[in-house]
> 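Supplied in C-alpha cells, the structure appears directly below.
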There are 2 protein chains.
Amino acid sequence: MDRTHRTRSIEAATSPGSAAVSRRARLRDDLEQVILGEAERVFADKGFDGATVSDIAEAAGLSKQNLMYYFPSKQALYERVLDDVLDDWLRSMNALAHSDLPMPQALRLYIQAKLEFSRRRPAGSRVYALEVISGAKQYAQQIKSKVVPVLRKDIATLNRWMEPRQVKVSAEHLMFAIWAATQSYADFATQMQLVTGRSSLSDAFFAQAQETLTQMVLGALGSAEASA
Amino acid sequence: MDRTHRTRSIEAATSPGSAAVSRRARLRDDLEQVILGEAERVFADKGFDGATVSDIAEAAGLSKQNLMYYFPSKQALYERVLDDVLDDWLRSMNALAHSDLPMPQALRLYIQAKLEFSRRRPAGSRVYALEVISGAKQYAQQIKSKVVPVLRKDIATLNRWMEPRQVKVSAEHLMFAIWAATQSYADFATQMQLVTGRSSLSDAFFAQAQETLTQMVLGALGSAEASA
DNA sequence: GTCTATAGCCCGATAGAC
DNA sequence: GTCTATCGGGCTATAGAC
C-alpha cells in the first residue's frame with residue numbers, strides 16, 4: 001500500500017544530500033512508528049471521536065502540538081492507521097484464489113492466517129471493525145477498492161470447487177462465517193475473557209479455536225472425516 | 001430488566017390520581033420510546049462519543065434541552081439503550097440450557113433466534129458490539145452479571161451433550177463461532193452489502209445464512225447427515 | 001523540532017421565564 | 001413541559017518564539 005497520507009512535504013524539507021539526512025529520517029520514521037502504534041491502541045479503545053490527539057501524544061511520549069508536526073491532522077493519522085492495518089492484512093492473507101493447494105487444505109491455512117492476524121494485531125482489527133460497524137463512512141471507498149475484490153474472488157474460487165461436488169451450503173455465507181468467527185477473537189476478546197474467566201487468551205485457546213472452526217467449515221462441506 | 005435509569009422523580013411529580021395522569025404518562029412513555037429508538041440508531045452510527053445529544057434530539061424531533069428533561073444525562077440515555085437491547089436479547093434467546101428438544105434441533109432454533117435478532121434489531125446489536133469492542137468500559141459489570149452466566153450455562157449444556165458422543169471440537173469455541181457469525185449479520189451488514197452488491201439484505205439471504213451456519217455447526221458435531 | 005499561547009468551535013449540562 | 005440564554009470545559013488546529 002502506498003503512503004499517500006504521509007507528510008511528504010516535511011520529509012522533502014529535510015535538507016537533502018547531507019550526511020545527517022538519513023539519520024534524521026531514521027529518527028522520524030521511528031517516531032512515526034511509535035505514534036502509529038499508540039494511535040492504533042487508542043483508536044481501538046475509544047473510537048475515532050472518543051480518542052483525543054492528547055491521549056495518543058501522551059501514550060507516545062510527546063505533546064499534542066508536537067504530534068501534529070508529524071501528522072497534519074487527526075483524520076490523516078486515523079487513515080494512516082487504517083491503511084497500515086489493511087495493508088498488513090492483505091499481505092498476511094494468502095488469498096484462497098491464489099492457492100494451488102487442495103481446497104480443504106487451503107481453507108485450513110486461510111482460517112489459520114486470519115486467526116493469527118486477530119491474535120497478532122488485535123488493536124488494528126478492532127479499529128477496522130469499529131469503522132465498519134459504524135457504517136464505514138470514512139473508509140467505504142478503500143474497502144470497496146481493496147477488500148471487496150479479494151473477497152469476491154475467494155468466494156468465486158470456493159464456489160467453483162463446491163459446485164461440481166454438489167455441496168448445497170452457500171460459499172458466500174461460509175466465507176462470511178469464517179471472517180466473523182476469526183475476527184471475533186480480536187473484537188470480542190473482552191467478552192471471551194469474561195466468559196472463560198481468563199485474563200488473557202493462551203496458545204492452547206487459539207489452537208482450539210482453529211481446530212473447531214476448521215471442523216465447522218469442513219463439516220459443512222461434507223468432508224469432516226477427511227480432516228482428522 | 002428493571003428501569004433503574006428512568007427519571008422516576010419526574011414521574012412521581014405528575015399529580016397522581018387525576019384523570020389526566022394516565023394520558024400524560026402515556027405521552028411521556030411514547031416520547032421516551034421515540035427518543036430511545038433514535039438514540040439507538042445514532043449511537044450505532046457514531047458511537048457514544050461521536051453521537052451528540054443534539055443529533056439524537058433532532059432525530060426525535062425536539063431540542064436537546066427538552067431531551068434532557070426526559071433523560072438526566074447522555075450517559076443515562078446510553079445505558080438505557082444498552083439495557084433495553086440486552087433485555088430484548090435475553091427475552092428473545094431461548095437459552096440452550098432450558099430447551100428440552102434434542103440437541104441438533106435446539107441448536108437449529110438457537111441459531112435462528114440469534115440471526116433473527118440481528119435482523120430485527122441491527123442498530124441495537126451494533127451499539128452492543130461497539131461497547132464490547134471498545135473494552136466494555138462502561139458496561140462490563142452488566143455483561144458479567146447478565147450475559148456471561150447465560151452463555152456459560154449454554155456452553156456447559158452443549159458440552160454435556162457432546163462428551164458421551166466423543167465429539168472432539170470445543171463447545172466453547174462452537175458457541176463463540178455461533179455468536180460471532182450471527183452477530184456479524186448486524187455488525188458487518190455494510191461490508192456484506194458491498195461484497196454482494198445489494199443495497200439491502202433479503203429474506204432469501206438470511207435464509208441462506210441460517211442454512212449454512214446450521215450445516216457448519218451440525219457438521220462439526222458430526223451429524224450433518226441427520227439434518228437434511 | 002519542540003515549546004507556549006491561544007484562536008475558534010462545539011459539547012453537555014444548568015438556570016429560569018413562560 | 002417547552003422555550004431562550006448561557007456557563008464552563010475540552011477539543012482540533014494554528015501562530016510564533018526559541
Side-chain angles (χ1 to χ4, degrees), chain A residues 5-16 18 20-35 39 42-43 45-81 138, chain B residues 5-16 18 20-35 38-39 42-43 46-81 138:
Chain A
H5 295 107
R6 259 171 85 181
T7 51
R8 285 248 176 253
S9 59
I10 291 163
E11 275 180 87
T14 51
S15 48
S18 87
V21 168
S22 61
R23 206 177 325 146
R24 267 197 245 141
R26 190 62 221 288
L27 283 173
R28 159 176 281 276
D29 273 4
D30 285 351
L31 189 47
E32 265 190 9
Q33 286 309 314
V34 172
I35 294 170
V42 175
F43 281 134
D45 267 20
K46 312 196 181 184
F48 177 78
D49 291 293
T52 70
V53 176
S54 284
D55 290 338
I56 298 167
E58 189 181 358
L62 35 73
S63 69
K64 70 171 171 175
Q65 295 91 336
N66 200 186
L67 186 152
M68 297 190 77
Y69 171 77
Y70 292 94
F71 292 91
S73 70
K74 181 186 178 181
Q75 180 70 31
L77 177 56
Y78 180 68
E79 283 170 14
R80 251 302 284 285
V81 169
Q138 312 201 47
Chain B
H5 295 106
R6 261 169 85 179
T7 51
R8 286 247 175 253
S9 58
I10 291 165
E11 275 181 89
T14 51
S15 48
S18 85
V21 169
S22 61
R23 206 176 326 146
R24 266 198 246 140
R26 191 63 220 290
L27 283 174
R28 160 175 281 275
D29 273 5
D30 286 351
L31 188 47
E32 267 189 8
Q33 286 310 313
V34 171
I35 293 170
E38 297 301 326
V42 175
F43 281 134
K46 314 197 180 183
F48 177 78
D49 290 293
T52 71
V53 176
S54 284
D55 289 338
I56 298 167
E58 188 180 358
L62 35 72
S63 69
K64 72 169 171 177
Q65 294 91 336
N66 200 186
L67 186 152
M68 297 191 75
Y69 171 76
Y70 292 93
F71 293 91
S73 70
K74 181 186 179 182
Q75 180 71 32
L77 176 56
Y78 180 69
E79 284 171 14
R80 251 303 283 286
V81 168
Q138 312 202 46

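Any value given below was found using the heavy atoms of this structure, including those in side chains, with hydrogens, waters and symmetry copies removed. In what follows, chains are A, B, ... by sequence order, proteins preceding strands, each numbered from 1.
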> Counting heavy atoms from C-beta on, name the nucleotide in dG1(D), dC11(C), dA13(D) closest to the side chain of Asn66(B).
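Of dG1(D), dC11(C), dA13(D), dG1(D) is nearest to the side chain of Asn66(B).
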> Output the rounded distance in Å from CZ (Phe71(B)) to P (dT2(D)).
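Answer to the nearest Å: 13 Å.
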> Provide, to the nearest angstrom, the distance between the CD atom belonging to Gln75(B) and the C1' atom belonging to dG12(C).
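Answer to the nearest Å: 12 Å.
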> What integer distance in Å separates Glu58(A):CD from dG10(D):C1'?
15 Å
> Tell me the interatomic distance from Asp49(A), atom CG, to dG10(D), atom P, rounded to whole angstroms.
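The distance from CG of Asp49(A) to P of dG10(D) comes to 18 Å, rounded to the nearest Å.
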> From C-beta outward on Val53(B), which listed nucleotide comes closest to its side chain: dT12(D), dG1(D), dG12(C)?
dG12(C)
> CZ of Phe48(B) versus P of dC11(C): gap in Å, rounded?
14 Å
> Measuring from the side chain of Gln65(B) (C-beta onward, heavy atoms only), which nucleotide among dT2(C), dT12(D), dC3(D) has the closest atom?
dC3(D)
> Begin with the C-alpha distance, continue with both residues' side-chain angles, and end with the deciding distance and a verdict on side-chain contact (heavy atoms from CB on, under 4.5 Å) for Arg28(B) and Leu31(B).
CA-CA 5 Å; Arg28(B) 160 175 281 275; Leu31(B) 188 47; 5.9 Å; no
> Please state how far atom NZ in Lys74(B) lies from atom C1' in dC10(C), giving the value in whole angstrom units.
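Atom NZ in Lys74(B) sits about 11 Å away from atom C1' in dC10(C).
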> Counting N and O atoms only, with roles assigned by atom type, does the side chain of Lys46(A) sit under 3.5 Å from a partner on the main chain of Asp49(B), one being a donor and the other an acceptor?
no
> Taking only the side-chain heavy atoms of Met68(B) (C-beta and beyond), determine which of dG1(C), dA13(C), dT12(D) contains the nearest atom.
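For the Met68(B) side chain, the nearest candidate turns out to be dA13(C).
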> Side chain of Tyr69(B), heavy atoms from C-beta onward: which of dG1(D), dT2(C), dG12(C) has the nearest atom to it?
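The nucleotide sitting nearest to the side chain is dG1(D).
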> Which part of the nucleic acid, if any, lies within reach of Ala57(A) when heavy atoms closer than 4.0 Å are counted: base, sugar-phosphate only, or nothing?
nothing
> Can you tell me which nucleotide in dT2(D), dA13(C), dT12(D) comes closest to the side chain of Lys64(A)?
dT12(D)
> Is there a side-chain contact between Ser63(A) and the phosphate of dT2(C), meaning an N or O under 4.0 Å from OP1 or OP2?
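No, no such contact exists.
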> Just so I know, are the side chains of Leu67(A) and Leu77(A) near enough to count as touching, which here means a heavy-atom distance under 4.5 Å?
yes
> Expressed as a whole number of angstroms, how long is the span from Ile56(B):CD1 to dC10(C):P?
18 Å
> What distance separates Tyr70(A) OH from Leu62(A) CG, expressed to the nearest 0.5 Å?
7.5 Å
> Tell me the interatomic distance from Phe43(B), atom CZ, to dG12(C), atom C1', rounded to whole angstroms.
12 Å
> With a distance cut-off below 6.0 Å to the six-membered ring centre and an angular limit of 45° from the axis, does Lys74(A) pair with Phe43(A) as a cation-pi contact?
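Because its charged atom misses either the 6.0 Å distance or the 45° angle limit, Lys74(A) does not stack over Phe43(A).
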